[in-house]
Number of protein chains: 2
Amino acid sequence: MAEPGARDRMIDGAAVLLAKRGLQGASFSEVLEATGAPRGSIYHHFPGGKDELVAAAIARVSERTLARLTELGGSATSLTEGFLGLWRALLDRSGLTAGCAVVAVSVAASDDLLDRAGTVFREWTAHLAALLEEAGVAPARAASFAVLLISATEGAVVMARAQRDLAPFESVAATLMASARDLDADAAS
Amino acid sequence: MAEPGARDRMIDGAAVLLAKRGLQGASFSEVLEATGAPRGSIYHHFPGGKDELVAAAIARVSERTLARLTELGGSATSLTEGFLGLWRALLDRSGLTAGCAVVAVSVAASDDLLDRAGTVFREWTAHLAALLEEAGVAPARAASFAVLLISATEGAVVMARAQRDLAPFESVAATLMASARDLDADAAS
DNA sequence: GTCTATACGAAGATAGAC
DNA sequence: GTCTATCTTCGTATAGAC
């Protein structure tokens, strides 16, 4: 019952290609080559064509990110460490050749896909802010730190990748971790 | 003497299209249509093809950014305000449809162009750090704040554009301005 | 410096057989 | 569900005339 996996593999493959080579690099040919999925069933699985595939890919990236954030819970420090860890792992695993699939879509997509990317960022921001509040951070500070954490991390990933050097990422990570410790200290008092 | 302007217009046009539509959106056809430049002279002006045009475009964006930063000088506060102002103006002028051309190249380019984008980020970071030091900020703090300012701003531009809402940018801007005031306060003491 | 014409390949998408 | 074949559009790039 349900799909045997071809559709799933295509979605994951598209997510990887978006992260590594951008929207134009995530062509059907590339996705099929990377996943071994059958060419004949592209439009069976994705009647909406490439946009539908890309939308599914960034939705999956979003869900996974949200799920991992939830597991982190606890303090502002652990949330920040965990969020940074997700992107550090992406850079490490790829040898600094991959970035964020959502960012890749945000800079070169149709209006519909741009909207979906915006929704992903809103979800991440809201989820992070809610978890920070659970950790005892005041709502206003939780909201502004959530936006800063996401934007600075995403920007740092872009810089580290372009410079082929993890240094800018680690510099930003250290600064954000210091801020997170301040949040926890204030929450405890 | 020198070029009458066709080459210059193409470079500027490419920069605008990169910012608005990404690398694949900055095709020769689009650039020619946007600038009115003659199709027959593309490879006269850019023997290296598209990569050479894109390289020239992000180099020009970089130069302009560096020049404007130099004009700002003064304090950490004025530098931060000015840097944020450059990107706020970009978002405003375009109705939140344009982003940073260098980021667009960083997520979807050839190795050579990726290197050039990395060089741009290094130049911005070094220049900002140097100006912060002139403003009395300690070298280590100047370096880390320069990286944070660039990465957070770039990330915020991506988020604001995707969400079609300036709010995330302004939230990040407020946080960065508060940090800049701290730097100035410490520099004065 | 600019033109037309064109070669070449890649990409998205569709049709119809199996 | 998957295949092959094909269509169309587009983008890069080249050649040679003006």
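These numbers come from a predicted model, not from an experiment. Lettering follows sequence order; numbering is per chain, from 1.
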For atom NE2 of A:His45 and atom C1' of D:dG1, their distance in whole Å: 7 Å

Taking atom C1' of C:dA11 as reference, at what distance in whole Å does atom CD of A:Glu33 sit? 14 Å

Donor-acceptor check, side chain of A:Asp184 to backbone of A:Ser75, threshold 3.5 angstrom: yes or no? no

Is A:Lys20 atom NZ crowded by more than 12 heavy atoms from other residues, nucleotides or ligands, each under 6.0 Å away? no

Checking B:Glu123 now: which residues fulfil side chain to side chain donor-acceptor pair (under 3.5 Å) with it, not counting sequence neighbours? B:Ser62

Going by atom types alone, do A:Asp51 and A:Ser110 pair a side-chain donor with an acceptor below 3.5 Å? yes

Inspect the contact between A:Asp92 and A:Arg88 and indicate whether a charged nitrogen and a carboxylate oxygen are less than 4.0 angstrom apart. no

Both B:Asp51 and B:Gly40 contact DNA chain D. Taking the nearest nucleotide for each, which residue is further toward the 5' end? B:Asp51

With respect to the phosphate group of D:dG1, does any side-chain polar atom (N or O) of A:Ser41 fall under 4.0 Å of OP1 or OP2? no

Please report, rounded to the nearest Å, how far the P atom of D:dG1 is from the NE2 atom of A:His44. 4 Å

Just the rounded figure in Å: distance from C1' of C:dA11 to CG of A:Leu17. 14 Å

Which is it for B:Thr65 and B:His127 under the side chain to side chain donor-acceptor pair (under 3.5 Å) test, yes or no, and what are the steps along the way? CA-CA 10 Å; B:Thr65 303; B:His127 195 60; over 6 Å; no

Just by protein heavy atoms under 4.0 Å, how would nucleotides 7-12 of chain D read 5' to 3' in B, S and -? ----SS

